[in-house]
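Below is one structure, written out as structure tokens; the observations come after it.
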Amino acid sequence: MKTVHVKTGRSYDILIGHDILKNAGEYIRPLTKAIRAVIVSDSNVSVLYADTVKKTLTEHGFDTSVFVFPAGEENKRLGTIEKMYTHFYEHNLTRTDIVVALGGGVTGDMAGFAAASYLRGIDFVQIPTSLLSQVDSSVGGKTGVDLPTGKNLVGAFWQPILVLIDPETLNTLPDTFFRDGLGEVVKYGCIKSEALFERLERENAKDFIDDLIYECVSIKRDVVEHDERDTGERAILNFGHTFGHALEKLNDYSGMTHGEAVAAGSMILTRISEAKGMTEKGSSERLQNLLKKYGLPTDGNYPLEDILAATRGDKKSTGKSINFVFLKKIGECFLQKVPIGEFGAFFGE
Ligand code: MG
């Protein structure tokens, strides 16, 4: 088992190990005096793992119930949170009890937000089951829901008391979701670790999955510890995301997964920055080869002008700037603001 310790406003451990899911109660018990626990899970994941987690929690003295919501980003909304609160109330959760998020990013974001706000905040545990949530969204304490007007517009910074990552859960993950997570994995290599990038080039990601999760989580931990509230350095985690979000929007949030959009976004940006002499020569070719190796897109299939228009979005004032993350080289990045009014000239539209 590997442990990553996170020192934020409230410190906690991330445990990575095979079969820790079925022993979850053993790891959670010493951290809380809770009598009751509610497991929050979606309709896909609950079928696979809710019984296992409920059993181990019960064995360790938690009066446990399970709240299940229909799977899908379209259910990441306040209506689902309200149903969660009702379930918490009916299960008599008090301020000293706990919520356990069991599932992917949508589940973690929502269960975390419900925990952050119910009775003005109760403890919660993250048990991420998708690669994307294991390497990215379960670490860092961002929780929230979407509004009809945009993603993640309501939420809170709320750190878990423990994160349990069991790589065995990835064996039940369809390939498309594995690729989704790899988009973020490649990002970590690009911005902070040439060693990770090289290993992804040399070996197959699935063959060193424990190390891979450990490396990504450690990188995110380092960044988040310096900037818990996302006012500075944490922005580097958005590498590939600005154009990525534009591509997700152009695809109506259904044609491309988040990880695929991030991959394509990072590729488009790096091609341009290398041509402008901002990025070491050869970087975009290496990135392209790696993305291809893992079946990730290297293009957005939209003209640059459409991507730039979607990036500008409804930001009417062209005096405003967007903070982009560029690669200096593979493993090293920097932030640079580009005024919206200068997009055309800067990106060579
Ligand atoms: Mg992301």
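Order of appearance sets the numbers: ligands from 1, and atoms from 1 within every ligand.
Within a radius of less than 2.8 Å around the Mg ion (ligand 1), the protein N, O or S atoms are Glu184 OE2, His241 NE2, His258 NE2.
A donor-acceptor contact shorter than 3.5 Å is absent between the side chain of Asp146 and the backbone of Arg77.
A search for ring pair (Phe, Tyr, Trp, His ring centres under 6.0 Å) contacts involving Phe157 returns nothing, not counting sequence neighbours.
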Less than 3.5 Å apart, which donor and acceptor atoms pair up between the side chains of residues 118-126 and the rest of the protein, not counting sequence neighbours?
from, atom 1, to, atom 2, distance (Å)
Tyr118, OH, Tyr89, N, 3.4
Asp123, OD1, Arg10, NH2, 2.4

Can you give the donor-acceptor pairs under 3.5 Å from side chains of residues 215-223 to other protein atoms, not counting sequence neighbours?
from, atom 1, to, atom 2, distance (Å)
Ser218, OG, Tyr214, O, 2.7
Lys220, NZ, Asp136, O, 2.8
Lys220, NZ, Asp136, OD1, 3.2
Lys220, NZ, Val139, O, 3.0
Arg221, NH1, His5, O, 2.8

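Interatomic distance, OH of Tyr188 versus CG of Leu200, reported as 13.0 Å (0.5 Å rounding). Taking CD1 from Ile165 and CG from Asp210, the interatomic distance works out to 10.0 Å, rounded to the nearest 0.5 Å.
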